[in-house]
Number of protein chains: 2
Amino acid sequence: MSSTGPVTDALRERGLRITPQRVAILGALRRLANHPSAEEVFRAVRSDFPSLSLTTVYRTLETLAERGEVALVHLGRERARFDHRTDPHHHATCTSCGRLEDVDLAESSIEPGIAIPLFGGRRPRGNVVVFYGVCTPCNERASHEPSARSEPGPGSLAPG
Amino acid sequence: MSSTGPVTDALRERGLRITPQRVAILGALRRLANHPSAEEVFRAVRSDFPSLSLTTVYRTLETLAERGEVALVHLGRERARFDHRTDPHHHATCTSCGRLEDVDLAESSIEPGIAIPLFGGRRPRGNVVVFYGVCTPCNERASHEPSARSEPGPGSLAPG
DNA sequence: CTCGCTGCAAACACTTTGCATATCT
DNA sequence: AGATATGCAAAGTGTTTGCAGCGAG
């Protein structure tokens, strides 16, 4: 199989064998873009690839993460999510429904040059910022049901 | 038991019954200060409280977190850790050994006023920053064993 | 006395692993 | 052909839950 395409190329560049499973998984991750979990990728691919196993999805995403082709995003108690973007950026998440979106922030605005005592006064190698808030649909739902249970949603990491 | 003390007072203020288990658990969390996991708290308390169960530690810490008396800190795949500080602050972690320390950062330096599209252009309710780097002991160990395996350590959330 | 708390054991969700078979190169 | 990837089922890990008895207020 000498097929070409962005996904196939990415796999080849990472020194990975090009299998239909991998093509489908990485393709789905890029297409979904919504920081899906392994299971969400699994369901998306399964439709036109019934023999695929969840194990393979986990293994493939782990391999891709190791090689820097995708990134892992963990929030609070939530299951792991995968990010097709690997360039430095941050995230915003809805504390009510868990929706997650990218946030591009000027690097300088988070003081990457700060001296960290834990690192012997050296600067951090990197940092991750997560913004917490309530997305528009959840916000509207909350105002329509004033006294209704305003579920804290997934993960109780939310500050304040 | 009408004993007094910071821990007892804190429990009472949160409307919780003062049991020896809770006094010991919250006391240990404050004393350790090192962002211990439930199991680490358990081991610390167990010494002079052999009948304590891990379940109670989980339940107590969860209750305290719900009431805002302690905070949860999750990093990557790692187990949950608990923080006796609940005021806004950030964290630095060693990507090699997992050590975690507090970082106090001026709030303005992370643009809390940024308009987040996910939140309908509203500002985030809060944010969490984690700085990644290598702590001094790990750094020295690495330079003494140049070609040795430089374990990525717990959690592969580390950027770049 | 009453309701909340504790401890035990069992259940849980998510993720990883062992192994035989199938597939890529 | 040879090495690597896949699928299945089973094992983990960390955390949560049901329930009966205990203890704080």
Side-chain angles (χ1 to χ4, degrees), chain A residues 1-4 7-9 11-26 36-43 45-46 49-67 69 72-82 98 152 154-157, chain B residues 1-4 7-9 11-26 35-43 45-46 49-67 70 72-82 98 154-157:
Chain A
M1 213 181 274
S2 62
S3 56
T4 314
V7 168
T8 318
D9 291 349
L11 291 172
R12 212 179 338 253
E13 278 164 28
R14 302 291 177 175
L16 298 172
R17 283 193 180 175
I18 294 155
T19 69
Q21 288 91 332
R22 285 176 173 170
V23 173
I25 290 166
L26 183 51
S37 66
E39 182 136 14
E40 286 165 336
V41 171
F42 176 59
R43 282 202 300 269
V45 175
R46 206 186 202 180
F49 202 142
S51 69
L52 183 73
S53 82
L54 183 54
T55 303
T56 296
V57 176
Y58 272 111
R59 257 192 292 228
T60 298
L61 290 174
E62 188 197 356
T63 303
L64 291 171
E66 277 171 6
R67 316 256 172 148
E69 181 60 38
L72 256 159
V73 187
H74 266 279
L75 276 101
R77 307 185 194 280
E78 280 184 48
R79 44 156 62 105
R81 293 158 172 241
F82 295 86
S156 42
L157 234 182
Chain B
M1 211 182 279
S2 61
S3 55
T4 313
V7 167
T8 317
D9 291 349
L11 291 172
R12 212 181 337 256
E13 279 164 28
R14 302 291 177 174
L16 298 172
R17 282 193 181 174
I18 294 153
T19 68
Q21 289 93 333
R22 284 176 173 170
V23 173
I25 290 167
L26 183 51
H35 307 87
S37 65
E39 182 136 15
E40 285 165 337
V41 171
F42 176 58
R43 283 202 300 268
V45 176
R46 205 187 204 180
F49 201 143
S51 69
L52 183 72
S53 82
L54 182 54
T55 302
T56 296
V57 177
Y58 273 112
R59 257 192 293 228
T60 299
L61 291 174
E62 188 196 358
T63 302
L64 291 172
E66 278 170 6
R67 316 254 172 149
V70 309
L72 256 159
V73 187
H74 266 280
L75 277 100
R77 307 186 195 279
E78 279 184 48
R79 42 155 64 108
R81 293 157 172 243
F82 295 86
S156 42
L157 236 183

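First the proteins, then the strands, lettered A, B, ... as listed; each starts at 1. Side chains are part of it too, since the values below use all heavy atoms of this structure and drop only hydrogens, waters and symmetry mates.
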query: Does C:dT16 have OP1 or OP2 sitting under 4.0 Å from an N or O in the side chain of B:R77?
result: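 The answer is yes; a side-chain N or O of B:R77 sits under 4.0 Å from OP1 or OP2.
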field: Below 4.0 Å: OP1/OP2 of D:dT6 and any side-chain N or O of A:T19
entry: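 Result: yes.
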4.5 Å side-chain heavy-atom contact, [X] and [Y]:
X: A:L26; Y: A:E69; value: yes
X: B:D9; Y: B:E13; value: yes
X: B:R43; Y: B:R46; value: no
X: B:F82; Y: B:L72; value: yes
X: B:H74; Y: A:H74; value: no
X: B:L16; Y: B:T63; value: yes

Would you mind reading off the distance between [X] atom [atom1] and [N] atom [atom2], rounded to a whole angstrom?
X: A:R79; N: D:dT15; atom1: CZ; atom2: P; result: 17 Å
X: A:E66; N: C:dT16; atom1: CD; atom2: C1'; result: 13 Å
X: B:R14; N: D:dA24; atom1: CZ; atom2: P; result: 23 Å
X: B:L16; N: C:dC3; atom1: CG; atom2: P; result: 18 Å
X: B:E40; N: D:dG14; atom1: CD; atom2: P; result: 11 Å
X: B:L11; N: D:dA24; atom1: CG; atom2: C1'; result: 13 Å
X: A:I18; N: D:dA5; atom1: CD1; atom2: P; result: 12 Å
X: A:E78; N: D:dT16; atom1: CD; atom2: P; result: 14 Å

- prompt: The side chain of A:Q21 lies closest to which of these nucleotides: C:dC5, C:dG7, D:dG7?
  reply: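 Minimum distance to the A:Q21 side chain belongs to D:dG7.
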- request: Would you check if the side chain of B:R14 reaches a backbone N or O of B:L64 as a donor-acceptor pair within less than 3.5 Å?
  value: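 Such a contact is absent between B:R14 side chain and B:L64 backbone.
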- prompt: B:S37 near the nucleic acid: base, sugar-phosphate alone, or nothing, with a heavy-atom cut-off under 4.0 Å?
  reply: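 Result for B:S37 = nothing.
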- request: Answer with base, sugar-phosphate or nothing: what part of the nucleic acid does B:A80 contact at a heavy-atom distance below 4.0 Å?
  value: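 Here B:A80 touches the backbone only, sparing every base.
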- request: May I ask you to list the residues of residues 52-62 of chain B, by number, that have any heavy atom positioned under 4.0 Å from an atom of DNA chain D?
  value: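 Correct list: B:T55, B:Y58, B:R59.
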- prompt: Hey, which of these two, A:S51 or B:R17, hits DNA chain D nearer its 5' end, going by closest nucleotide?
  reply: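 Looking at DNA chain D, the more 5' nearest nucleotide goes with A:S51.
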